[in-house]
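The structure appears below as structure tokens.
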Amino acid sequence: MSDAPDSPAGPLYRIRHSLAHVMAQAVLEMREGSTLGFGPPIADGFYYDFILSEPLTERDFPDLERRMRRILKKGQRFYREEVPVDEGYRRLEEMGEPYKREYAEELVGKKGLESLTFYRSGPFLDMCDGPHVDTAKEIPRDAFRLRSVAGAYWRGDAKNVMMTRVYAWAFADKQALDEAVRAYELAQERDHKRLGRELDLFTFDDSVGRGLPLWMPNGTVIRDEIEKLAVELEFRAGYQRVATPHIAKSSLYDQTGHLDHYRDSMYPPMEVVEETPEGETVRETYMLKPMNCPHHHKIFASRLRSYRELPLRLAEYGEVYRWEASGAVSGLLRVRMLSMNDAHIYCTEAQTQDVFREVISQYDEAYRILGLSNYYIRFSRWDPEDPKGREKYVDAPEDWRRSERIIADLLEEMGVDYVDAPGEAAFYGPKIDVQFQTVTGRDESLSTVQLDFAVPPRLGLSYIGEDGAEHVPYCVHRAPFSTHERFVALLLEHFGGAFPTWLAPVQVQVITVSEHFHEYATGIVSRLREKFVRAELASESDTVSKKIRDATTRKIPNLLVVGERESAAGTVTLRRHGVKAQATMPLEVFEAALLDTIARRTLEFVMP
RNA sequence: GCCGGUGUAGCUCAGUUGGCAGAGCAACUGAUUCGUAAUCAGUAGGUCGGUGGUUCGAGUCCACUCACCGGCACCA
């Protein structure tokens, strides 16, 4: 049995779990008549869910923490009690714990338990499987801290009541707590929303609408650079670029199945009414596209296709619109206008694995260039048990099994470690998602590769096979850079706003020591701009110190300081962001190294 | 969508028990031309998120609403 701190047998797990009970005890003291949900240990601490008799806010935290410490000081013991099921039920009813009572019944039903386990500590009694510490003396009084209060549905189901969840940090000692809190605070400084404002990358405006980002010039540079990279990777892999409208008739989405399975995520239809010269009224409804695939499918369908054309790779730098739930919208991570470097690859069933392999290796290449490694692979499958099955997925069990087999075999063959995720499939097929964590610890899907068996037949897509007969193609959907919104958010947090030179909105800033060197400096700027380098001259009415400070705050990767020495010798003094050492070199030498680092998209600019 | 919190100048934030809306930074103007993280002086900047209400009087109290933040649900 493992004794890792976060495994159930480990001491930290017991401390966190027991602290959850102590917190619940304190909450029940403060809010008599409240009832309990679940209160498990989690990474960094624990939480407990309550139905509160009176609301609790973060303003109550000092009081709540004080009560918890008082309880800990008493050093009460934790007693395990096993009681027969019927007595357990009676207890829970007497305790006035309807949710625990409901759960107990489910446990008994599913696991065939003959007894229920309770833990008693002081006046607090809770149905709980443990394990716990033996006595509260084992719990350090200075290594926990209440963190936030949040809402959470009972059993994680939106149809159930909303409980109040109190989150807390908890560790084995004060130092570990302080470190975690400090790390959290540092992470806040890397939050993409904050950096986006500080670096002038994007903004939102109430009068434009929620979740609709406005990209500023600086942010647009980053989008454009990512797109350039995508265009290159795709060109080499034989993709062909297409462009399609942002809207389509709603009848298209009826055919594809979007209206059946995806309607909630779509903006409502717009109705256009036209009068014909004959006085007839013609009504048509259009919808904003939530995905590019239907349009691409129509390009595929525009003429007869031969197996010789497959795999046919259609790529589009397109914007799609999704009606995200209001509470889900968040910065650039969840938006209602999504920019995607999207592509659809039409292929035969036999080609599918190769197509997936090709796409995955392209992802590896893109992540390598950007130095991204903090992600994991998720195999998102159909869940036949999903109660919302009809609503969520196309109903074709055999196709699901077949398509999932193709992906599972491939993952197996490639030796990829992945998390199995039933219930996370797209409505039209299984997919491989790349998951990453934001600096604030939220898990988000990034890139995705999806196998679509459902929509091509619905739209009657076909190609003529070697046998001269018509066949329905598979379609592989892929978006290596997620949405540009989410991807820029990830990059911002990943680089802490200090982008490598090739991505930086301003790549070089020239700083004059005094305005006597204006001419030399503007010469450098225009020479670099001639080579498409994003170079700028710093304001000349400030002191050198001020200009350095401003450029540093803006995290500009390369500063060139020029004064008497440089202008006389035709050199520049290079100051790199975050690097103390400076070097003076001929302008041509700097320029060559700069153009090289940009062309190769290196993460580090190695000085000549 | 749900639970809770928060909205004061471009940004960060003050604003007593209801009584004339403030600071720093940024911006703008002028002076300064300076060798590595903030030169000096001045000017301008606001329907206190919005609407309605209570009041002699509302940034402050009440109702509704919008947006944002922390979560849950949903998802790229």
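Everything numeric in this text was worked out from a predicted model, so none of it was measured. Convention: sequence-line order gives letters A, B, ...; per-chain numbering from 1.
For A:R486, whose side chain is taken as the heavy atoms from C-beta onward, the closest listed nucleotide among B:rC69, B:rU33, B:rA76 is B:rA76. When distances are taken from the side chain of A:S514 to each of B:rU33, B:rA76, B:rC72, the shortest belongs to B:rU33. Out of B:rG70, B:rA76, B:rU36, the shortest distance to the side chain of A:S148 is found at B:rG70. Distance from the side chain of A:A325 is smallest to B:rA73 among B:rA73, B:rC75, B:rU36. For A:K193, the listed nucleotide lying nearest its side chain is B:rC69; candidates were B:rC69, B:rG35, B:rA76. Candidate nucleotides B:rU36, B:rU12, B:rC3 were compared by shortest atom distance to the side chain of A:R197, and B:rU12 ranks first. For A:K392, the side-chain atoms get nearest to B:rC75 when compared with the rest of B:rA67, B:rA76, B:rC75. The side chain of A:T483 lies closest to B:rA76 when the candidates are B:rG1, B:rA76, B:rA73.
Between A:K431 and the phosphate of B:rA76, there is a side-chain N or O to OP1/OP2 separation shorter than 4.0 Å. At B:rG70, one or more side-chain N or O atoms of A:R442 fall inside 4.0 Å of OP1 or OP2 (strictly under the cut-off). A close approach under 4.0 Å does occur between a side-chain nitrogen or oxygen of A:Y167 and OP1 or OP2 of B:rC72. Between A:R210 and the phosphate of B:rA67, there is a side-chain N or O to OP1/OP2 separation shorter than 4.0 Å. A:T164 has no side-chain polar atom (N or O) that falls below the 4.0 Å cut-off from OP1 or OP2 of B:rG4. The phosphate of B:rG4 (OP1 or OP2) has no side-chain N or O of A:R59 nearer than 4.0 angstrom.
A:K159 has its NZ atom 18 Å from the P atom of B:rC3, to the nearest Å. Between the CZ atom of A:F61 and the P atom of B:rG70 there is a distance of 15 Å, given to the nearest Å. Atom CZ in A:F436 sits roughly 17 Å away from atom P in B:rC75 (whole-Å rounding). Counting to the nearest Å, the P atom of B:rC72 and the CG atom of A:D443 are 11 Å from each other. In this structure, A:H258 places its NE2 atom 14 Å from C1' of B:rC75, rounding to the nearest Å.
Across the C1' atoms, B:rU29 and B:rU17 are found 43 Å apart, a figure rounded to whole Å. Rounded to whole Å, the C1' atom of B:rA23 lies 27 Å from the corresponding atom of B:rG57. Atom name P, nucleotides B:rC13 and B:rC75: the rounded distance is 35 Å, in whole Å. One P atom belongs to B:rG7, the other to B:rG50, and the distance between them is 14 Å to the nearest Å. Taking atom C1' on both B:rA58 and B:rG19, the two are 10 Å apart, rounded to the nearest angstrom. Spacing of C1' atoms, B:rU55 relative to B:rC61, comes out at 10 Å, to the nearest Å. Here the separation of B:rC62 from B:rG5, taken at their P atoms, is 13 Å to the nearest Å. With both ends at atom P, the span from B:rU6 to B:rG15 equals 14 Å, rounded to whole Å.
Base-pair partner of B:rG4: B:rC69 (Watson-Crick or G-U wobble, both distances under 3.5 Å). Across all strands shown, B:rC34 remains unpaired; no Watson-Crick or G-U wobble contact has both distances below 3.5 Å. Nucleotide B:rU55 forms no Watson-Crick or G-U wobble pair with any nucleotide shown, as no partner meets the under 3.5 Å limit on both distances. Summarising the base pairing, B:rG22 is matched to B:rC13 through a Watson-Crick or G-U wobble pair whose two defining distances lie under 3.5 Å. B:rG42: Watson-Crick or G-U partner is B:rC28, with both key distances under 3.5 Å. Remark: B:rC64 base-pairs with B:rG50; criterion is Watson-Crick or G-U wobble with both hydrogen-bond distances under 3.5 Å. With a cut-off of 3.5 Å on both Watson-Crick or G-U wobble distances, the partner of B:rC75 is given as none.
Pairs passing the salt bridge (charged side-chain N to carboxylate O under 4.0 Å, His left out) check and including a residue from residues 322-337 of chain A, sequence neighbours excluded, read A:E324-A:R334.
Note on A:V335: a base of the nucleic acid sits closer than 4.0 angstrom, heavy atoms only. The residue A:S326 sits close to a base: some heavy atom pair falls under 4.0 Å. The residue A:S265 sits apart from the nucleic acid: no heavy atom pair falls under 4.0 Å. Within the nucleic acid shown, A:A158 comes within 4.0 Å of sugar-phosphate atoms alone, with no base atom in reach, counting heavy atoms only. Within the 4.0 angstrom heavy-atom criterion, no nucleotide atom of any strand lies near A:L56. Residue contacts for A:R575: at a heavy-atom cut-off of 4.0 Å it reaches a base atom on one of the strands shown. Counting any heavy atom pair closer than 4.0 Å across all strands shown, A:E198 reaches no nucleic acid atom. At the heavy-atom level, A:E566 lies under 4.0 Å from base atoms of the strands shown. Counting non-hydrogen atoms under 4.0 angstrom, A:E424 reaches nothing in the nucleic acid.
Both A:S447 and A:G211 sit near RNA chain B, but only A:G211 has its closest nucleotide nearer the 5' end. Toward the 5' end of RNA chain B, the nearer of the two residues A:F204 and A:A426, judged by each one's closest nucleotide, is A:F204.
With rounding to the nearest 0.5 Å, the separation of CG in A:L372 from CG in A:L491 is 6.0 Å. With values rounded to the nearest 0.5 angstrom, A:F50 atom CZ is found 6.5 Å from A:L36 atom CG. Separating the OG1 atom in A:T584 from the CD atom in A:Q582 is a distance of 7.5 Å, to the nearest 0.5 Å.
In this model, no side-chain donor or acceptor of A:Y153 finds a partner on the base of B:rG71 within 3.5 Å. If you check distances only, the side chain of A:E324 does reach the base of B:rA76 with a donor-acceptor pair under 3.5 Å. Between the base of B:rC75 and the side chain of A:R334 there is a donor-acceptor pair shorter than 3.5 Å.
For RNA chain B, the neighbouring residues in residues 539-559 of chain A, judged by any heavy atom under 4.0 Å, are A:E540, A:S541, A:D542, A:T543, A:V544, A:S545, A:K546, A:I548, A:R549, A:T552.
In summary, A:D63 and A:R67 engage in a salt bridge, as defined by a charged side-chain N under 4.0 Å from a carboxylate O. A:E404 has no carboxylate O lying under 4.0 Å from a charged side-chain N of A:K431, or vice versa, which leaves the two without a salt bridge. Salt bridge status for A:E444 with A:R486: present, with a side-chain N to carboxylate O gap under 4.0 Å. Using a cut-off of 4.0 Å between Lys/Arg side-chain N and Asp/Glu carboxylate O, A:E198 and A:R194 are scored as salt-bridged.
Here the two rings, on A:Y262 and A:Y253, have centers that are 6.0 Å apart or farther. Here the two rings, on A:F453 and A:W400, have centers that are under 6.0 Å apart.
None of A:N558, A:I548, A:I511 except one satisfies the side-chain contact (heavy atoms from CB on, under 4.5 Å) rule with A:R575; the exception is A:I548. The one candidate from A:V231, A:L233, A:I226 that meets the side-chain contact (heavy atoms from CB on, under 4.5 Å) condition with A:L229 is A:L233.
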